Every structure is written in C-alpha cells, then in structure tokens.
Amino acid sequence: MTHELKRTGGWLLAAGLLGWALGHLWLALCLTLAALLCQHLWSLSRLMRWLASPEAEPPEASGLWGQVLDRLYHQQRLQQAQQQELRELLDRIQDSGQALRDGVVMLDKAGDLEWWNQAAEQLLGLSQPSDLGQPITHLVREPRFIDYFEQQHYQEPLVIRSPLADDRTLEFHITLFGANERLLLVRDFTRMQRLERMRQDFIANVSHELRTPLTVLSGYLETFSDHLHDLAPKWQRGLKLMGQQAKRMENLVEDLLMLSRLETTEVEYEQEPLQLRPLLESIRTDALALSEQQHPIQLHLLSDRPLYGSEKELRSAFSNLVFNAVKYTPAGTSIEIYWEDDEQGGGQLIVQDHGPGIEARHLARLTERFYRVDPGRSTSTGGTGLGLAIVKHVLLRHGAQLTIESRPGEGSRFCCHFPAQRIAGLLD
Ligand code: ADP
C-alpha cells in the first residue's frame with residue numbers, strides 16, 4: 001500500500017514539475033490523475049472479468065493490483081480444495097448410506113422426500129426421480145403410519161404391514177434433526193416378528209398346558225389341608241408349603257396368560273364407558289381384604305368423567321398398583337387412590353403410598369418382566385414379578401402412560417395418564 005502511495009506521489013510530483021516548467025501546472029496534474037484513474041478502472045474491469053470465470057488463470061498485474069489478485073487467487077484455490085474435500089466426504093456418506101441394508105429416507109421439514117437409499121427404494125417401492133419432493137404420507141398411506149408421522153412421538157418404533165407385500169412387516173424409526181427435518185429408517189421386520197410370535201405362542205402354550213395339572217394339584221392340596229389335623233405333624237408343614245407354592249405357580253401362570261393375551265389380541269372395548277367409582281370402590285374393598293384392614297386406603301374421586309376401555313384389563317392394571325401398595329408397605333401405612341382430570345382434557349389415576357419407597361436406580365426397570373427390587377420380599381408377598389409389566393401393557397393398549405415417582409423413605413406414586421381421546425365422549 002505504501003509502495004502504491006509512493007508511486008502515485010512520484011507521478012504527481014513529476015507531472016507537477018513538468019507542468020510548472022511549461023506553465024500548465026493544473027492541467028498537468030489533472031491529466032496525470034485522470035491517467036492514474038483510468039489505469040485503476042482498467043485493472044478493476046480485468047478483475048471483474050476474471051471473477052466472472054474463476055476457472056481461468058488470473059490476469060497479470062503488478063503493484064497493488066498484483067497483490068490483490070494474488071491473494072484472491074490463493075483464497076479461491078483454498079476454497080476449491082475445501083469444496084472438493086466436502087464433495088468427496090458427501091459422496092462417501094452417500095455411498096455408505098446406499099450400502100446400508102436398512103432403508104434410509106431424508107425428509108425436509110414439510111415431510112417431503114429429499115434423498116433415499118437403494119434399500120428404501122426396495123422396501124417402500126420409491127422411484128427416482130418421480131417421487132423426489134413427494135410427501136412421504138402420499139407414498140406410505142397406512143393410517144397408523146400417518147398418525148405416527150404426524151404426532152411426532154418417535155420414542156418407540158412403529159411396526160406395520162409392508163405397503164408392497166401383505167406377508168411382510170416393516171419397522172419404522174424416525175429421528176428429528178435440524179429445523180424439524182426428519183430421518184426415517186425402515187427395515188424388514190418380518191423375521192423378527194415371526195420369532196416374536198413364536199416366543200409369544202410358546203409362552204402362551206406352556207402356560208396353558210400347565211394350568212390344568214396345576215388346578216388338579218391345588219384342588220387336592222386344598223382338600224388335604226381341610227384335614228390337616230388328621231395328618232402327622234411332620235407332613236403338616238410340607239403340605240402347607242406345597243399349597244403356598246402351588247398358589248404361587250397358579251398366579252404366575254395366570255399372569256403369563258394375561259400378558260400373552262395383552263400381546264397378541266386387540267383391545268376389546270366395553271359398549272358402555274367405564275364408570276370409575278364402582279370399579280375403584282371394588283378394588284379398594286379387595287385391597288382392604290388383602291391387607292386384613294391393616295392399611296387405611298382412601299379413595300378421592302375428583303372427576304366423574306368415565307373412561308373408554310376394557311374393564312377387565314383396567315381392573316387388572318389398577319388392582320396391581322393398589323395391591324402392590326399394600327404388599328410393599330408396612331401395616332398402618334396410608335394409601336391414597338385419585339381419579340382426576342388433567343389440564344389437557346385427559347385423566348389420571350394415581351396410587352400413592354407413604355411406604356419405604358424405591359431407589360431411583362430401580363425405577364426405569366420396574367416394568368420389565370420378573371424385575372424385582374427385593375426378590376426375597378416379592379416372593380414372600382406372592383408377587384410374580386409380572387405385575388407392573390401387565391400394567392404397562394394395559395396402559396399402552398389404551399394409549400396411556402405410566403409414570404413412577406418414588407424416593408426412599410417417602411413412598412411411591414404411580415400415575416396412569418390417559419389422553420383426552422380415552423375419556424368417554426371424546427373418542428372418535
Ligand atoms: P410383583 O408381582 O413381584 O409385585 P411387580 O412388577 O408388581 O412385581 O413389581 C416389581 C417390583 O417393584 C416389586 O418386586 C417391588 O419390589 C417393587 N414395587 C412395586 N410397587 C411398589 C410400591 N408401592 N412400593 C415399593 N416397591 C414397589
């Protein structure tokens with residue numbers, strides 16, 4: 001820059017001296033300035049022409065313009081190299097996306113198709129380029145998929161029948177990213193579902209087969225225990241234990257059958273909406289009998305809105321929660337049952353106890369089958385370890401959610417939250 005100033009100053013000085021000597025000082029200065037300006041304009045226009053076609057070599061220039069062109073050329077080269085690197089990376093990502101066996105579909109914020117891989121093409125029957133920019137809900141028209149897609153609750157995957165073949169099932173996972181854009185993963189779930197069905201059938205069959213012999217065993221054991229005093233004392237304890245264990249096995253078989261019914265059948269709604277008062281009062285009566293009147297149990301019906309669902313299943317779920325509160329808290333602990341509205345038009349059933357509570361590390365696993373906080377205590381109370389798994393399944397079938405809050409020493413609160421659609425009158 002200083003060099004350029006010196007050069008301009010030198011020209012002006014020389015022109016000034018020459019003009020002064022010839023008696024035309026101002027004319028000489030103006031002409032020199034005009035010449036310098038023209039030279040800059042010419043360089044500027046060469047720069048503009050080069051920027052318009054950057055692949056060409058930069059024009060030759062010296063002085064300040066030479067430096068400017070050099071710098072621009074250098075930066076341009078750097079940018080081109082970075083662009084090339086990014087392009088290669090993008091190609092590699094696309095190639096690896098193409099190589100995936102699971103289908104991948106990228107959707108923009110309106111839910112229109114932006115990119116997909118070959119597996120998605122085969123699984124969903126997409127075709128290039130006609131489906132590009134089409135809404136995904138026009139291409140996968142299954143109502144459950146449309147609901148799932150629009151509700152944006154993507155924690156759990158969705159399994160539906162393939163739109164291309166009735167005997168195949170697909171599993172969809174959706175992830176939100178960026179500005180409400182979505183990445184949809186789809187995979188063939190047919191084999192997994194077959195295995196799952198085999199597992200369910202196996203458990204259902206075994207439980208069913210065990211039921212009859214167990215009923216016979218329990219029946220005889222009960223008959224024998226009616227004549228306990230006729231037996232020698234050394235047999236009495238054995239007979240009692242056999243009776244208890246047979247009862248435990250019966251409970252286990254009943255719970256397993258209940259779980260497999262919940263997994264394999266559609267929910268059967270009652271014709272009439274379910275009134276919570278009689279249901280909860282009868283559960284309270286059973287719970288008082290279980291506790292031998294040792295637990296004060298209060299019922300707070302803060303809403304008179306009924307619920308739309310299966311009485312048998314809901315009775316089983318609510319009973320499990322109330323019976324657990326009896327089983328896992330010492331005598332004298334008060335238990336409260338609430339049925340109340342929530343702010344979004346839904347309803348919630350809450351079972352609250354003031355017992356020993358549950359440590360935070362167990363909470364996330366409580367609804368797993370056979371998960372027990374204290375296996376010894378659970379077995380001695382006749383627990384099967386399946387109670388909360390049943391509750392979770394029943395609620396899932398009713399579009400409801402179970403939340404568990406508990407602190408050691410302060411008690412536990414089990415809340416079954418039903419959305420507005422499950423409250424009678426609002427279900428379409
Ligand atoms: P179970 O049939 O053995 O009772 P559940 O699935 O109903 O099994 O419960 C799982 C575990 O959760 C129980 O073993 C128990 O340790 C714990 N639990 C459930 N309810 C309560 C409660 N109200 N207070 C303390 N612990 C509880």
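Everything quoted here is computed from the prediction, not taken from an experiment.
Residues satisfying the side-chain hydrogen bond (donor to acceptor under 3.5 Å, both in side chains) criterion with Glu250, sequence neighbours excluded, are Ser218. For Glu263, the salt bridge (Lys or Arg N to Asp or Glu O under 4.0 Å) partners two or more places apart in sequence, or in a different chain, are Arg199, Arg369. In this structure, the side-chain hydrogen bond (donor to acceptor under 3.5 Å, both in side chains) partners of Arg211, at least two apart in sequence or on a different chain, are Glu254. In terms of the ring-ring contact (aromatic ring centres under 6.0 Å, His included) criterion, Phe418 has no residue partners (sequence neighbours excluded). Among residues two or more places apart in sequence or in another chain, the salt bridge (Lys or Arg N to Asp or Glu O under 4.0 Å) test is passed with Arg77 by none. Scored by the side-chain hydrogen bond (donor to acceptor under 3.5 Å, both in side chains) test, Ser43 finds no partners at all (sequence neighbours excluded). With sequence neighbours excluded, the residues satisfying side-chain hydrogen bond (donor to acceptor under 3.5 Å, both in side chains) with Asp188 are Arg168, Thr190. Take Glu336 and apply the salt bridge (Lys or Arg N to Asp or Glu O under 4.0 Å) test, not counting sequence neighbours, and it matches no residue.
The pair Glu171-Arg187 meets the salt-bridge criterion, with a side-chain N (NZ, NE, NH1 or NH2) lying under 4.0 Å from an Asp/Glu carboxylate O.
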Do any side-chain atoms of residues 94-108 form donor-acceptor pairs under 3.5 angstrom with protein atoms, and if so which ones, sequence neighbours left out?
from   : atom 1 : to     : atom 2 : distance (Å)
Ser96  : OG     : Arg92  : O      : 3.2
Ser96  : OG     : Ile93  : O      : 2.9
Gln98  : OE1    : Gln118 : N      : 2.7
Asp108 : OD1    : Ala110 : N      : 3.0
Asp108 : OD1    : Gly111 : N      : 3.1
Asp108 : OD1    : Asp112 : N      : 2.8

Which pairs of donor and acceptor atoms, one on a side chain in residues 8-21, lie under 3.5 Å apart (sequence neighbours left out)?
from : atom 1 : to   : atom 2 : distance (Å)
Thr8 : OG1    : Glu4 : O      : 2.9

Could you pull out all donor-acceptor pairs under 3.5 Å where a side-chain atom in residues 140-152 meets a protein atom, sequence neighbours excluded?
from   : atom 1 : to     : atom 2 : distance (Å)
Arg141 : NE     : His138 : O      : 3.0
Arg144 : NH2    : Val159 : O      : 3.0
Tyr148 : OH     : Glu156 : O      : 2.8

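Here side chain to side chain donor-acceptor pair (under 3.5 Å) pairs that include residues 21-39, with residues two or more places apart or in two chains, are Arg7-Gln39.
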